[in-house]
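Some notes on the structure that comes next.
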Amino acid sequence: MKTLERPRRTSGGRGLFTSFHPGSHYVSTIDEVRALVDVVITQGSFAFDVETVGVLSHHPDLTEQVDQQVKTHVEALTSTSDAITDRARENKEQAMTKTIALDPKRNEVIWVGIATNGYSWAIPVGHPCGEVLVPEEVGNGSTIPPTGHRKILKSGDESLAKARYHIPAVFADPPAQLSRAEVFEALKPIFFDHSLVKVGHNVKFDARTIAKYYGELPVGPLHDTMLVQHALDENISSFRLTSLISTNFGEHNPYSKHGKVGANISTTPFSIACNYVHLDARWTWMLYQKLIRGLTNPLRQVVEQDVRVLEVLMDMEDIGMQVDSKGLASLGEELDSKMTDVHSEITAITYPGFNPDSVKDKRLFLFSAKRDGGLGLKPNKETEKGQASVDHDSLRAMEHKHPIIPLFLNWAEYKKMKSTYVDGLLEKTNKGRLHPNFHLHRTSTGRLSSSDPNLQNVPRDSSIRGLFKADDNSLLIVADYDQIELRIMAMFSKDENMMEIFTKGIDIHTGAASLLFDKPVAEITKDERQLGKSANFLTAYGGGASKLSATSGVTLTKAREIINQYYEQFDGLSLWKHKVVMQAKKDGYVTTISGRRRRLPDINSNKDDLRSRAERQAVNAIVQGSASDICKKAMIKVHPKVRSFGGKLLVQVHDELVVNVPDNDRVDYYSGIIKEEMGHGKDLNNVPIVVSSQSGYTWSEAK
DNA sequence: CCGATCACGTA
DNA sequence: GACGTACGTGATCGTA
């Protein structure tokens with residue numbers, strides 16, 4: 001039940017909460033919202049959190065998708081009945097509802113939680129249920145279900161067999177709540193105040209979610225507990241709020257007992273949901289205070305850079321990238337017909353029911369003895385777990401042994417395209433656009449990552465990238481750093497030969513080949529350059545002769561020679577790598593240009609494999625992480641410039657930025673600005689930075 | 001239903 | 001003696 005208790009400041013503790021039991025008070029009048037706004041403004045910063053649900057009926061396109069899913073699901077079954085179809089539909093609808101709840105473009109807010117020094121508020125704006133009248137009942141299969149929940153036999157009688165069953169809870173009506181419209185209107189002063197710091201745990205989600213009710217994104221400064229925690233420890237496996245609370249405040253805290261309310265918020269009794277919202281906001285605030293106070297330089301600057309990137313990313317996610325849905329659909333049909341052909345050929349050679357997606361089936365068919373019905377081929381490669389590999393490289397090496405192998409290769413190629421890039425992207429399309437999530441906390445090197453969909457691994461092939469389009473009357477500009485990682489290595493190591501190659505503007509792979517084979521640059525062949533290229537990459541990743549030999553096709557002996565020669569010619573580089581490893585062993589971590597750290601717990605391990613791996617990671621983290629620092633810095637600079645001429649930053653792919661700009665006669669000027677802000681023409685301690693750019697109407701034209 | 005395993009797309 | 005870094009997604013399979 002609602003209480004009339006007013007929010008009050010809890011005492012002591014530098015403004016933090018001393019009581020972890022916020023009770024059941026919830027905000028139910030607009031005056032209370034106005035009052036909390038006044039309090040928040042005096043504090044200068046606040047944490048906030050929204051609880052969301054998905055409403056399938058609001059999204060006809062997704063309802064259609066569910067219909068389709070049910071159809072294909074049922075088609076794949078051997079037997080069907082209305083009950084099976086209904087259950088399939090229920091499952092698919094439930095899954096889709098969850099998906100919608102996590103999509104800021106589609107979800108609906110039912111609670112807003114706000115916390116600042118000593119205060120927290122829970123504002124319900126559509127919680128669907130009150131208290132529990134009849135609790136839910138779950139049968140785990142060890143008992144006979146109650147009548148009405150039993151299976152119906154063919155005879156028409158109820159089955160008395162033990163079975164699983166679920167009877168949903170019955171809830172009282174929820175109490176009267178303010179509307180979203182009036183609440184967000186009243187909260188406008190805090191979300192659009194340029195001096196208030198708005199803190200969240202994965203704040204982009206909450207900010208983008210509420211943006212729907214304003215028609216625009218909340219303004220910065222934003223801050224995020226995830227990103228601070230990541231700067232302090234990138235090796236954390238779970239960045240969920242509960243996990244971070246446990247590690248920062250100890251295992252025993254009232255929050256951790258609440259379990260997964262968030263995912264089931266719409267079937268949680270009102271009072272429990274209310275308490276949960278208080279706690280979420282409070283703990284986010286507490287965590288922020290604690291983490292931010294633990295930050296010292298250089299990590300403080302790292303976090304300062306990342307929160308600025310965060311605001312850029314929020315914009316990029318919200319804008320999204322246009323994709324040609326019709327083109328994707330027709331590519332899908334093309335692939336489908338190719339796959340039908342390949343599949344029937346495979347079935348003809350193997351047996352009906354053979355599944356070309358099953359590693360097990362393929363393994364059995366290729367490698368089991370002829371008398372067992374297999375081809376008796378010899379596996380040439382093992383998986384990590386020591387099984388016979390059937391991946392592309394492995395099959396390629398035995399391609400001529402049997403006509404089925406090219407079919408497997410074709411199948412795998414088509415299948416990947418169809419499932420991940422055609423179907424996968426189509427189902428994430430919203431009004432013709434894809435809105436990825438960019439994460440600042442999911443890599444150990446400080447790179448960004450992208451998901452739902454991942455726009456950082458879209459195939460370069462024009463059949464896919466050609467379907468990513470500029471907006472109407474627009475062009476895409478793709479600007480990318482030329483060999484940024486190798487330039488960073490040159491900068492750190494000050495290797496004379498490498499510096500010379502870069503300062504003279506010689507192609508680095510040709511330059512390396514020239515030194516490796518002791519020939520003038522002009523006489524380097526294509527093959528020699530390729531070897532130079534492979535050798536260059538190996539140094540950034542820490543690879544050895546066997547890998548070089550495997551990737552370039554030279555003998556192991558030759559590969560060893562090349563690597564020895566490489567480190568002789570680039571002796572500054574090998575010295576630097578050695579120093580990096582020594583320093584990492586001493587400190588337990590390495591540091592990038594911006595001061596980000598990668599901690600390497602295994603760097604002094606007794607186990608050779610773990611230690612060697614950590615040593616390779618040490619070198620690579622500096623290189624990869626520093627490249628990421630540079631690109632992040634560029635994003636911060638490019639973003640406002642691009643907006644000033646009506647452009648939109650869309651995607652970052654580690655060393656490249658994709659920008660949508662107006663299609664007019666100033667495109668060269670736009671490219672120039674973008675390149676300049678990325679640092680083209682500047683240098684890293686005398687190693688020049690080179691940025692190249694191209695433009696076009698699609699992502700493949702602009703590559 | 002979920003995690004492990006495998007394969008495969010990107011930088 | 002072997003030794004490449006960093007990701008996310010989708011499918012299968014075994015276990016729960």
Donor-acceptor check, side chain of [X] to backbone of [Y], threshold 3.5 angstrom: yes or no?
X	Y	answer
Arg442(A)	Ser449(A)	no
Ser462(A)	Arg465(A)	no
Arg599(A)	Leu232(A)	yes

Checklist entry - Donor-acceptor pair under 3.5 Å: do we get one between Lys547(A)'s side chain and the base of dG4(C)? => result yes

Next on the checklist: What I'd like to find out is whether the side chain of Lys204(A) reaches to under 4.5 Å of the side chain of Leu310(A), using heavy atoms alone.
Outcome noted: yes

Checklist entry - Under 4.5 Å between any side-chain heavy atoms of Lys381(A) and Asp391(A), yes or no? => result yes

Name the closest nucleotide to the [X] side chain, picking from [options].
X	options	value
Met417(A)	dT5(C), dG9(B), dC6(B)	dG9(B)
Pro459(A)	dG9(B), dG1(C), dC6(B)	dG9(B)
Asp357(A)	dC6(B), dT12(C), dG4(C)	dT12(C)

Closer than 4.0 Å, any side-chain N/O of [X] to the OP1 or OP2 of [N]?
X	N	answer
Ser389(A)	dA7(B)	yes
Lys381(A)	dC6(B)	no
Ser546(A)	dA2(C)	no
Arg598(A)	dT5(C)	no

Side-chain donor-acceptor pair present, [X], [Y], cut-off under 3.5 Å:
X	Y	result
Glu701(A)	Gln694(A)	no
Asp629(A)	Thr592(A)	yes
Lys577(A)	Tyr567(A)	yes
His439(A)	Ser451(A)	yes

Next on the checklist: Both distances below 3.5 Å, Watson-Crick or wobble geometry, any strand: find the nucleotide opposite dA7(B).
Outcome noted: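 Pairing partner, where one exists within any strand: dT9(C).
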
Item to check | Counter-base of dA2(C), judged by Watson-Crick or G-U geometry with both distances under 3.5 Å | outcome: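 Partner of dA2(C): none.
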
Taking any heavy-atom pair under 4.0 Å as a contact, classify [X]: base, sugar-phosphate, or nothing.
X	result
Lys416(A)	base
Asp609(A)	nothing
Gln387(A)	sugar-phosphate

Identify all pairs in which a protein N or O lies below 3.5 Å from an N or O of nucleotides 14-16 of chain C, and state each distance.
unit_1	atom_1	unit_2	atom_2	d
dG14(C)	OP1	Lys360(A)	NZ	3.2

Next on the checklist: Below 4.0 angstrom, which residues in residues 442-458 of chain A have at least one non-hydrogen atom near DNA chain B?
Outcome noted: Arg447(A), Gln456(A), Asn457(A), Val458(A)

Next on the checklist: Please evaluate residues Lys92(A) and Glu427(A) with respect to the criterion salt bridge (charged side-chain N to carboxylate O under 4.0 Å, His left out), reporting the C-alpha separation (whole Å), side-chain torsions for both, the decisive distance (0.1 Å), and the verdict.
Outcome noted: CA-CA 13 Å; Lys92(A) 303 286 180 196; Glu427(A) 71 185 31; over 6 Å; no

Checklist entry - Hey, mind stepping through Tyr414(A) and His343(A) against ring pair (Phe, Tyr, Trp, His ring centres under 6.0 Å) and telling me if it holds? => result CA-CA 11 Å; Tyr414(A) 301 151; His343(A) 193 268; over 10 Å; no

Checklist entry - So, Tyr421(A) versus Phe468(A), ring centres under 6.0 angstrom or not? => result no

Item to check | Stretch residues 610-631 of chain A: residues that reach within less than 4.0 Å of DNA chain C through a heavy atom | outcome: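 Arg613(A), Arg616(A), Gln617(A), Asn620(A), Gln624(A) - these, ordered by number, are the residues of the stretch whose heavy atoms sit under 4.0 Å from the strand.
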
